[in-house]
Amino acid sequence: MGVRVGIDTGGTFTDLVGVDEDAGQVIVAKRPSTPQHPEQGVFDVLANSGINIDHITFLILGSTLGINALHQRSGASVLYLTTKGFEDVPFIQRINRRHHYDLDWVKPAPFVERRNCIGVDERITRDEKVLVPLTDEELARIGAAVADWIAEGPESPAISVNLLFAYANPDHELKIGRFLQREFPHVPVSLSHRVAPIWREYERGTTTMADAYIKPLVTRFTRDLDAGLRQRGLSCKWQFMKSNGGHMVAEAAPEQAVQLLLSGLAGGIIGGSYFGELAGSNKVVTLDMGGTSTDVGLAIDGEYGYTTEYQVEWGIPIAAPFIDITTIGAGGGSIAWIDKGGFLKVGPQSAGAEPGPACYGLEGAAATVTDANLMLGRLNPDYLLGGRMKLHVDKARAAVARIGKKVGMNVEDAALSIVQLANENMANAIRLITVERGIDPRDFDLVAFGGAGPLHAAALAASVGIGRVIVPPNAGLASAFGTLVADLRVDRSWTHAYRSNNLDAAHLDRRFNALTESALDALREEGFSGKPTIQRSISMRYMGQNYEQEIVVAPGPITESGVADLCNRFHRQHEAFYGYSIPAEILELVHFNVSAIGKVPKIALPEIESGSTEATVPDAYRRVHFEEIGPVDCPIFLRHKLAAGAVIQGPAVVDDVDSTTVLPPGKQLSVTRHGLLMLE
């Protein structure tokens, strides 16, 4: 027993949720992030929470450090070693383009400069045989090239090694790795067979480069954060949230940096799923709108989707296990601007935490979504973070007025247009994960959280046809809460091209057993001692196809009859997905996947006091502008005063310490016994 703590470090704020298991109390805190020194934001929010650090028995951290570095191109200087003759692959990339007829589209720049790409005279074939051996003379040549590069003085150097077919036979990569570690012990090295043991050389290369690109950042952050926590009295081991929704012990993070890319995002969908279940909903769309971006996900029956690829930019894939999340550049800090055609745009550029929106008063001059909401009266300038952070209405008005002048609008119409454009961007993200996948959003509820999510949720739900919105307690901290309720999860994969007409089921069974043991060992290293759940799957395709369908493998040994059943299920799934199947065609079995999941005890939220279901008395009135009826004197309610059973008719606004909920005209809000706000 003690205090369990989850922390989410976002681009704008750092959030904390703690559960005191002795007192049965939930503790929350929120502080501005410190992008230049991200560990300081963690120390600040811990101090603000009032938690005695030596009482903490469990601490997990979700961070956007890695993904922000990739997006902002602020990572390491990378040297890329690859098989001789393939040095240009990171620049050739794929042959397809984002828009077929866009002749102006430029391929994204890889995370390495061409002059830092070195070919290695070696070659291993796809069937694991050595065609060109890696000699000591070649290692010496590589060493000289690396020494020359380091002598140039690159800031924060890192090395990425990606040899052909290293996933099948890693001997040459291991030999290079040992050599580099011996000769250049202070330079971090990423090896492709460890980072992304898959085929598709380009995807493996971009993933290994990304791992090297953020490895020095992750190493420094982990080191500085651990040292600061120990100095402040932390005695337990602490962990990172992984992109797949699992945990990773902190000391392992530098060697698996790419696993942390969506660390800060994964907690959101897990928390959203938890609150959906708490409200009695088994189908939810999660909407996490923060200061920099909005993340949208799906959860059905408490399960969320997984993917093995994430696009940092279109054409730069990262091949690692991720919770399936769609991210767009629409947050409270998204900047309003005018394009070359004179049209108003919102995002993806963000004002971030420093300087932030104009209303923060930190020398930010650009009009943002937060400034627009403030101008519409939807935000209380004296109640952000419970009044600890004042908003400057005059600076917000000046920033929005400048935008309005450029498009011929008064300040209120300009503010409303900024909000409407942000809403449409987010509605399109919801349609992307529902309608475009054949899913009807009208069958789902919307769980809205993040500091800005409840502000926009009702309008978004109406736009896409969702009938009910669920706003969790402490909505601005739901991602931090999600890290606390996340199960431990370890994913392992292996790539080998088998064909269904020449398949040894016993060999396949042995390989799956080896993957399972590897996953279980890692799960135990992360501190899990209970009975784990094992999930297995095979990525399959028709021979000659380029993309696979994932087929679940039933528990137990793999037999010949079991393989036949897998093939039959692939045919059925392919027909359901594409509208046809080719039962007589040979199948290729490409990726073999195992997930080991350790269930953690779920946290029981305390119930709030019950009150009357009669009309609730407002705490104040404020002039608020609604699209449907224009400006009105709107009733304002303080969330912490709302009792279970309370019912409010729109229009209304509910102010909370970490978020604000807008209830448009014609909508009704009710409060559940766990403090959830239900908008219908």
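Residue numbers run from 1 in the order of the sequence given. Worth knowing before you read on, the calculation uses all heavy atoms, side chains too, and leaves out hydrogens, waters and symmetry mates.
A cation-pi geometry, defined here as NZ or CZ lying under 6.0 Å from the six-membered ring centre and within 45° of its normal, does not hold between Arg141 and Phe179. For the pair Arg232 and Phe43, the cation sits on the ring face: its NZ or CZ lies under 6.0 Å from the ring centre, inside 45° of the axis. Arg4 forms a cation-pi arrangement with Phe58, by the criterion of a distance under 6.0 Å to the ring centre and an angle within 45° of the ring axis.
Ser518 places no side-chain N or O within 3.5 Å of a backbone atom of Ala514 that could act as its donor or acceptor partner. Thr206 places no side-chain N or O within donor-acceptor distance of the main-chain N or O of Ile318, the cut-off being under 3.5 Å. Judged by distance alone, with hydrogens and angles left aside, the side-chain atoms of Thr208 form no donor-acceptor pair with the main-chain N or O of Ser190 at under 3.5 Å. Thr308 places no side-chain N or O within 3.5 Å of a backbone atom of Ala319 that could act as its donor or acceptor partner. A donor-acceptor pair is defined here as one N or O able to donate and one able to accept, closer than 3.5 Å; no such pair exists between the side chain of Asp8 and the backbone of Ala480.
Between Thr483 and Ile7, the shortest heavy-atom contact is OG1-N, 4.0 Å. Between Ala166 and His193, the closest heavy-atom pair is O-CB, 3.5 Å. The two residues Gly272 and Phe449 have their closest heavy-atom pair at CA-CE2, 3.8 Å. Of all heavy-atom pairs spanning Ala351 and Thr368, the tightest one is CB-CG2, 4.1 Å. Contact detail for Ser49 and Ile27: the closest heavy-atom pair is O-CG2, 3.7 Å. Nearest heavy-atom pair across Gly476 and Lys30 is O-NZ, 3.2 Å.
Under the 4.5 Å side-chain criterion, counting only non-hydrogen atoms from C-beta, Cys117 is in contact with Phe91. By the 4.5 Å heavy-atom criterion applied to side chains, Leu16 and Ile51 are counted as neighbours. A 4.5 Å side-chain heavy-atom check between Val249 and Glu525 finds every atom pair outside the cut-off. Between Glu87 and Arg114, the closest side-chain pair of non-hydrogen atoms falls below 4.5 Å. With a 4.5 Å cut-off on side-chain heavy atoms, Asp521 and Val490 do not count as touching. Taking 4.5 Å as the limit, every side-chain heavy atom of Leu163 sits out of range of all side-chain heavy atoms of Ile124. Considering only heavy atoms from C-beta on, Trp238 comes within 4.5 Å of Asp226 through its side chain. With contacts defined as side-chain heavy-atom distances shorter than 4.5 Å, the pair Ser479/Asp15 does not qualify.
For Ser77, the side chain to side chain contact (heavy atoms under 4.5 Å, CB included) partners at least two apart in sequence or on another chain are Trp149, Pro154. Scored by the side chain to side chain contact (heavy atoms under 4.5 Å, CB included) test, Ser350 finds Thr292 as partners (sequence neighbours excluded). Evaluation of the side chain to side chain contact (heavy atoms under 4.5 Å, CB included) rule for Pro108 yields Gln93, Trp105, Glu313, Ile316 as partners, not counting sequence neighbours. With sequence neighbours excluded, the residues forming a side chain to side chain contact (heavy atoms under 4.5 Å, CB included) with Arg94 are Asn96, Tyr202, Glu203, Glu309, Gln311, Pro317, listed by chain and number.
Heavy atoms from other residues, nucleotides or ligands lying under 6.0 Å from CD of Glu152 number more than 12. Counted within 6.0 Å of NZ on Lys84, heavy atoms from surrounding residues, nucleotides or ligands total 12 or fewer; the atom is thus considered open.
Looking only at atom types and distance, the side chain of Thr83 has a donor-acceptor partner in the side chain of Glu122 under 3.5 Å away. A donor-acceptor pair shorter than 3.5 Å cannot be found between the side chains of Asn593 and Ser493. Side-chain contact annotation: Thr14 with Asp44, donor-acceptor N/O pair under 3.5 Å absent. Side-chain N/O atoms of Tyr304 and Asp324 include no donor and acceptor closer than 3.5 Å.
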Please evaluate residues Leu61 and Leu225 with respect to the criterion side-chain contact (heavy atoms from CB on, under 4.5 Å), reporting the C-alpha separation (whole Å), side-chain torsions for both, the decisive distance (0.1 Å), and the verdict.
CA-CA 11 Å; Leu61 179 75; Leu225 181 56; 3.5 Å; yes
Check step by step if side-chain contact (heavy atoms from CB on, under 4.5 Å) holds for Val89 and Thr82.
CA-CA 10 Å; Val89 168; Thr82 188; over 6 Å; no
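Using a 4.0 Å cut-off between a side-chain N of Lys or Arg and a carboxylate O of Asp or Glu, Glu251 and Lys237 qualify as a salt bridge. Under 4.0 Å is where a charged nitrogen must lie from a carboxylate oxygen, and between Asp371 and Lys395 no such pair does. Salt bridge absent: Asp171 and Lys175 never bring a charged side-chain N and a carboxylate O closer than 4.0 Å.
Evaluation of the salt bridge (Lys or Arg N to Asp or Glu O under 4.0 Å) test over residues 45-69, restricted to residues two or more places apart or in two chains, returns none.
Aromatic ring pairs are classed by plane angle as parallel below 30°, tilted from 30° to 60° and perpendicular above 60°; the pair Phe165 and Tyr167 is tilted.
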Under 3.5 Å, which donor-acceptor pairs do the side chains of residues 63-71 form with other protein atoms, sequence neighbours left out?
unit_1: Ser63; atom_1: OG; unit_2: Thr9; atom_2: OG1; d: 3.3
unit_1: Ser63; atom_1: OG; unit_2: Leu65; atom_2: N; d: 3.0
unit_1: Thr64; atom_1: OG1; unit_2: Thr9; atom_2: O; d: 3.2
unit_1: Thr64; atom_1: OG1; unit_2: Asn68; atom_2: ND2; d: 3.0
unit_1: Asn68; atom_1: ND2; unit_2: Thr64; atom_2: O; d: 3.2

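Separating the CG atom in Asp224 from the CG atom in Leu229 is a distance of 11.0 Å, to the nearest 0.5 Å.
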